[in-house]
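Structure first, then comments.
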Protein chains: 2
Amino acid sequence: MISLKHLKIIQALHENSTLTRAANVLHLSQSALSHQIRYLEEKLGITLWEREGRNLRLTKAGELLLQTAQQLLPILEQTEKTLKAYAQGRQGILRIGVECYPCYEWLTKVIGVFLQKMPNVEVEIINKFQFSGHEGLLNYHIDILITPDRERKADIHIETLAQYNLVLLVANEHSLAHKTIITPKDLTNETLLTFPVPLERLDILTQFLNPAHIKPKHIKKIESIELMLQMTMLERGVCILPEWLANEFIKKMPVKKIQIGVEGLSQKLFAILRKQDREINYIQRFVKISKEVVNVP
Amino acid sequence: MISLKHLKIIQALHENSTLTRAANVLHLSQSALSHQIRYLEEKLGITLWEREGRNLRLTKAGELLLQTAQQLLPILEQTEKTLKAYAQGRQGILRIGVECYPCYEWLTKVIGVFLQKMPNVEVEIINKFQFSGHEGLLNYHIDILITPDRERKADIHIETLAQYNLVLLVANEHSLAHKTIITPKDLTNETLLTFPVPLERLDILTQFLNPAHIKPKHIKKIESIELMLQMTMLERGVCILPEWLANEFIKKMPVKKIQIGVEGLSQKLFAILRKQDREINYIQRFVKISKEVVNVP
DNA sequence: ACTTAATCATGAGATATATTCATATATGAT
DNA sequence: ATCATATATGAATATATCTCATGATTAAGT
């Protein structure tokens, strides 16, 4: 009766608003979708969409079906991907979600070694989430989440992957450049360049500046790390990076790293996974390899 | 590519061992199934079954698909049932799992009032579980579990429905009949009639006899509550029942209830549900009505 | 009010997919 | 070797699904 095709249609219709657009996305004719939803409504004996002018709006029953679709389709998709990976002689497919910019940089450093050591596992990296990374994990959109946020929730398993210091990067000519350690006060008149994430997720604020009740003059959000470094170099601001990442830029650009506070500002990266996946061979190996490879000073 | 039909086939095949029998269950010809699994294997480019003589055995890939089927099909089935209920003008369908004999008796007492007060909700009662009731809940085989076991797990919500004393029932002529309170020692030479559940789930043992390091002479498992009462009456043993249930039998049979221990032996019944279902109107009403109706002394 | 562009709906015919029937092939037990 | 019981397969049939062409409805612009 209800088939996966119907679930896909209801989902596509929800995401694309109109039958016509949904049909395009699904590579079908508008007519086909129209027939299908009519068939489904007829079979179920219930209206799933209210016709509102030239729009369709889901009824309560339709919402239920949509919810089911959103629950089932990602699971099936993962299974299909894994089977496809099997078919190619691989062990499976590992979808890694990254939830922060350093995570992404870190992953690019690890991934080479990883792919080499595990040629039998296909890897997919996902950094856009419909909701949160944690939701994505539980809804089977990803299998592993790399994040600095240690979420203690049920049915998930947490592994610590790395711990390192965050450092301040400034241009060599910058007035702070002679310092070896900065205090919160030093940043009062600085423009802080950050990645575009909510402020409460910036450790430099929550762990360092906020406790001292100090705000930087400006906080400027920048998408790309290269651009951020350019602006730092040109003294348009200062930025905070993991030390291992900072070390690379110091080599090739006129910038200097400075320790943050007397104790340093440390950050951890965690790998979060579904508890039931702990036993999966390639997931265990991913965690193991990750810990070994990332030997960040 | 993979369709629900395939998932149903793989599941039926697993449950019925042979293609032929699975085909019967699905009301299809053996040929149809054979074609379908061939098609699926061809499309996926991977063997799902090993042909072992005249049996089929799932490969690792097949196991994965089976697992997916077992995860998805119950969810879809529940959605279909709910939609069907909607179609009949009902609010939904509520599948109640009962995990103990008193639970079942209790439910039969409540269900009348419940159906009357909620004519718009269809009810289904399930007392056989593939695994545990808790699993059944998380796998969408049931929506509410009635149980005396308070399981504190993630993503489930617990409501206390009732609290009452367990009492000992003996024949009027029984040597213990004159007592108002029994001690563990009193049961040393008795045959204890119980429902067929694992011993560790019997409160009379775990809460009363075990702590005193006393065992009854025999423990005899009996399926039906009527038979249990018959045997009690004929002095073939004694049994433990909820007081509210015992009260009914006392009225019509020559049996007597006796308090267990100085403090009495109390038991609670809980309703367990998935957290995300808490808001559903008819589930809230079920819990509310249950608490009101069951006014067990 | 008329026009236009965009939407969904529908019927008929074409295509694709699934099922059955009849039969072949393979296996294990006796 | 024979028989009972499996699965596999090819061809014919039945069913389901899609597209095409077109109609009907609606919202917005003139």
Side-chain angles (χ1 to χ4, degrees), chain A residues 1-59 61-63 65-66 69 72-73 76 80 83, chain B residues 1-59 61-63 65-66 69 72-73 76 80 83:
Chain A
M1 175 119 90
I2 296 177
S3 76
L4 289 172
K5 183 172 12 187
H6 297 128
L7 296 184
K8 282 174 189 162
I9 289 176
I10 211 169
Q11 197 182 42
L13 199 40
H14 175 248
E15 283 168 4
N16 299 282
S17 306
T18 83
L19 258 194
T20 317
R21 278 204 290 274
N24 284 334
V25 171
L26 295 174
H27 304 292
L28 288 172
S29 68
Q30 169 269 320
S31 171
L33 295 210
S34 184
H35 281 298
Q36 284 300 324
I37 66 178
R38 211 169 100 81
Y39 163 88
L40 191 57
E41 288 187 325
E42 216 157 79
K43 274 283 177 187
L44 293 172
I46 190 170
T47 58
L48 298 170
W49 290 269
E50 300 278 342
R51 277 70 177 168
E52 276 195 342
R54 52 185 177 189
N55 288 352
L56 296 177
R57 215 198 61 245
L58 284 171
T59 62
E63 289 282 357
L65 207 54
L66 173 63
L72 299 195
L73 293 177
L76 190 78
E80 280 188 330
L83 287 175
Chain B
M1 175 122 87
I2 297 177
S3 75
L4 289 174
K5 185 172 12 188
H6 297 127
L7 296 184
K8 283 175 189 163
I9 289 175
I10 211 169
Q11 195 182 44
L13 198 42
H14 175 249
E15 284 169 4
N16 299 281
S17 305
T18 81
L19 256 195
T20 317
R21 278 204 290 275
N24 285 334
V25 171
L26 295 174
H27 304 292
L28 289 172
S29 68
Q30 170 269 321
S31 172
L33 262 60
S34 184
H35 281 299
Q36 282 301 321
I37 67 178
R38 210 168 98 82
Y39 161 88
L40 190 58
E41 287 187 326
E42 214 157 81
K43 275 283 177 185
L44 294 171
I46 191 170
T47 58
L48 299 169
W49 291 269
E50 299 280 340
R51 277 69 176 170
E52 277 194 340
R54 52 185 176 186
N55 287 352
L56 296 177
R57 215 198 61 247
L58 284 170
T59 62
E63 289 282 356
L65 206 53
L66 173 63
L72 299 195
L73 293 177
L76 191 77
E80 282 188 328
L83 287 175

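Chain letters run A, B, ... following the sequence lines, proteins first and then strands; every chain starts at 1. Everything quoted here is computed from the prediction, not taken from an experiment.
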Length of the [atom1]-[atom2] vector between [X] and [N], whole Å:
X	N	atom1	atom2	answer
B:L19	D:dT9	CG	P	12 Å
B:L28	C:dT17	CG	C1'	14 Å
B:L26	C:dA18	CG	P	15 Å
A:R21	C:dA5	CZ	P	18 Å
A:L40	C:dC8	CG	P	17 Å
A:K8	D:dT17	NZ	P	13 Å
A:N24	C:dA6	CG	P	13 Å
B:L13	D:dA6	CG	P	13 Å

Legend entry - Centroid distance under 5.5 Å and plane angle under 30°, A:H35 vs C:dT10: yes
Legend entry - side chain to side chain contact (heavy atoms under 4.5 Å, CB included) assessment of A:L40 paired with A:I10: CA-CA 11 Å; A:L40 191 57; A:I10 211 169; 5.7 Å; no
Inset, instruction - Would you state whether a donor and an acceptor, one from the side chain of B:Q30 and one from the base of D:dA8, lie under 3.5 Å apart? - result: yes
Inset, instruction - Test for a donor-acceptor pair under 3.5 Å between the base of C:dT10 and the side chain of A:S31, counting only N and O atoms. - result: yes
Assign [X] to base, sugar-phosphate, or nothing according to its heavy-atom contacts below 4.0 angstrom with the strands shown.
X	result
B:L33	nothing
B:Q36	sugar-phosphate
A:T20	sugar-phosphate

Legend entry - Over 12 non-hydrogen atoms of neighbours within 6.0 angstrom of CZ in A:R51: yes
Legend entry - 4.5 Å side-chain heavy-atom contact, A:L7 and B:L76: yes
Legend entry - Nearest listed nucleotide, side chain of B:I37, among C:dA9, D:dA8, C:dA18: D:dA8
Inset, instruction - Output the single nucleotide from D:dC18, C:dT19, D:dT7 whose closest atom is nearest the side chain of A:A32. - result: D:dC18
Inset, instruction - Output yes when at least one side-chain N/O atom of B:R38 is less than 4.0 Å from OP1 or OP2 of D:dT9, else no. - result: yes
Inset, instruction - Would you please confirm or rule out a distance under 4.0 Å between OP1 or OP2 of D:dT26 and any side-chain N or O of A:R51? - result: no
Inset, instruction - Determine yes or no for a side-chain-to-main-chain donor-acceptor pair under 3.5 angstrom, with B:E41 supplying the side chain and B:L48 the backbone. - result: yes
Inset, instruction - May I ask you to decide if A:S3's main-chain N or O and A:H6's side chain share a donor-acceptor pair within less than 3.5 Å? - result: yes
Inset, instruction - Would you kindly compare A:S29 and B:S34 by the position of their nearest DNA chain D nucleotide and give the one closer to the 5′ end? - result: B:S34
